[in-house]
Amino acid sequence: MLYIGIDLGTSAVKLLLMDETGKIHNIVSKEYPLSFPHPGWSEQNPEDWYIQTMTAIEELVSGSDRSQVAGISFGGQMHGLVVLDDQDQVIRPAILWNDGRTTKETDYLNQVIGKEKLSQYTANIAFAGFTAPKILWMRENEPENFAKIAKIMLPKDYLAYRLTGVHCTDYSDASGMLLLDVKNRCWSQEMLQICGVKEEQLPRLYESYEAVGTLKADVAEKLGLSAEVKVIAGAGDNAAAAVGTGTVGDGMCNISLGTSGTIFISSRSFGVDENNALHSFDHADGCYHLMGCMLSAASCNKWWMDEILKTKDYPAEQENIVKLGENHVFYLPYLMGERSPHNDPLARATFIGMTMDTTREEMTQAVLEGVAFGLRDSLEVARSLGINIERTKICGGGAKSPLWKKIIANVMNLKVDVIESEEGPGYGGAMLAAVGCGEFASVEEAAEKLVKVVDTVEPDPELTAKYEERYQKFRQIYPALKELFGKLAD
């Protein structure tokens, strides 16, 4: 049978077609616009997601036996606020994960409601990108629109609704709304009251591998697929990427070098760090995970290459970088502010340590190292909880760089396992579809059978020691500049 995985990203939707052996038959990607109506705002039109997804599905299955398509599932950008009225029409453009308008609301939640209560209700504290602060912002700034809300959804769940007519979400994605009681896998009544919403305005909760419905007749006809095709709930992009890299079960780790960067640690048991520096979320395998999220990762390198160096030849810029562990230039990777572990929307990207003999290569190297150091900050929080990680999988666009993988391995002092498929969320989505259709008994069984490690980057003890020294200097830079970032924002 064939399974479709839909990766609903920030700049494009990427679909893949996978069979029961894990072989990818086709990949199709369709872009859509991102709008920035005010500085720090980030919005999209949900209709664009649907139109491009439908176009992509038709293209994806055009050369295959459509009768073999059994299931569809998702990995989707998290935290986005999609609101529908009582006619199921979109009320306003979706407010995305990387939107920074909710500083006031985030401060209210953390300081007035209090971090301790938030953690008690949801296992997390408020971050500017989370959904709950966006709801509060809408209530305060767009009361007419707020009054129209009949359903609150997340981006991928809007696609599931358009395909099936069912208002649904899954536990992993819902964990990032700050509305879910993560430990008990149910909506937090306290948070609903704080945000002024009713439970009937929220979608029904499913495990990521559960079927929410089948294709609506008109959708099936348009796509040339059977109306019996199951639509599986899917997962937030990071949980889906973790499934796609086999990061399920207990004590497994995945690093994603995408637009944002994450370090994702799966666990059979629920846990929270005392400062809530890491997100404590439900996982797509039915268990839990801890996650550190940087708002800018591969996007730092893209910005440096595209906007500053004005080049698209990324490998050429990296081929002359040879002095690893000896760079005197440091880079703070906070182009969009920072989430884990600092939770500071006012933090900014910074180069420090340049001299008259600083080279182009050293600046490029500093960007790659800065992202690795930033991810290490979150790894250190996990280590403080007694979690012992010795190796990690890696995925995302940045993972295509051999140099960056080597830097990650040595900065983190971890073995970095490279897997056969680098398709992350889309592959994880297809795997969840296969589980939901009964192809595999569990997500762990699917991961065991389908995910194959093809290479491992080993840390070098001498280089690891050099990077340890560099990292200890790096971690002093943000605290030294934190107060200044606040003044610059004023």
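Here the two rings, on Phe127 and His79, have centers that are 6.0 Å apart or farther.
Ion pairing of Arg139 with Glu105 is absent here, as no side-chain N (NZ or NE/NH1/NH2) approaches a carboxylate O to less than 4.0 Å.
Cation-pi contact between Arg185 and Tyr288: present, with separation from the ring centre below 6.0 Å and deviation from the ring axis of at most 45°.
Counting non-hydrogen atoms of neighbouring residues, nucleotides and ligands closer than 6.0 angstrom, the NZ atom of Lys302 reaches no more than 12 such neighbours. Within 6.0 Å of atom CD in Gln189, more than 12 heavy atoms from other residues, nucleotides or ligands are found, so the atom counts as buried in its surroundings. Atom NZ of Lys151 sits in a crowded spot, with more than 12 heavy atoms from other residues, nucleotides or ligands closer than 6.0 Å.
In this structure the side chain of Ser280 reaches within 4.5 angstrom of the side chain of Phe270, judged on heavy atoms. Leu34 places a side-chain heavy atom less than 4.5 Å from the side chain of Ser42. Taking the side chain as every heavy atom from C-beta outward, Asp417 and Thr245 never approach each other to under 4.5 Å. At least one side-chain heavy atom of Thr364 sits less than 4.5 Å from a side-chain heavy atom of Trp304. When side chains are defined from C-beta on, Pro155 counts as touching Trp49, because their heavy atoms get closer than 4.5 Å. By the 4.5 Å heavy-atom criterion applied to side chains, Cys253 and Ile263 are counted as neighbours. Two residues are said to be in side-chain contact when any heavy atoms from C-beta on lie closer than 4.5 Å; Asn301 and Trp404 meet this criterion. Using a 4.5 Å heavy-atom cutoff, the side chains of Ser378 and Leu278 are in contact.
Using cut-offs of 30° and 60° for the angle between ring planes, the Phe264 and His289 rings count as parallel. In this pair, Trp41 and His38 present their aromatic rings perpendicular. The plane angle is above 60°, beyond the 30 to 60° band.
Residues Leu8 and Lys156 come closest through the heavy atom pair CD2-N, 3.8 Å. In terms of heavy atoms, Arg66 sits closest to Glu58 at NH2-O, 4.1 Å. Scanning both residues, Ile24 and Ser421, for their nearest heavy atoms gives CD1-OG, 3.7 Å.
Separating the OG1 atom in Thr131 from the CG atom in Leu202 is a distance of 10.0 Å, to the nearest 0.5 Å.
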Exercise. Taking it one step at a time, do Glu210 and Tyr171 satisfy side chain to side chain contact (heavy atoms under 4.5 Å, CB included)?
Worked result: CA-CA 11 Å; Glu210 289 183 324; Tyr171 292 107; 5.6 Å; no
For this session: For Glu47 and Arg162, run salt bridge (charged side-chain N to carboxylate O under 4.0 Å, His left out): C-alpha distance rounded to whole Å, both residues' side-chain angles, the deciding distance at 0.1 Å, then the answer.
Result: CA-CA 10 Å; Glu47 186 67 18; Arg162 291 295 298 268; 2.8 Å; yes
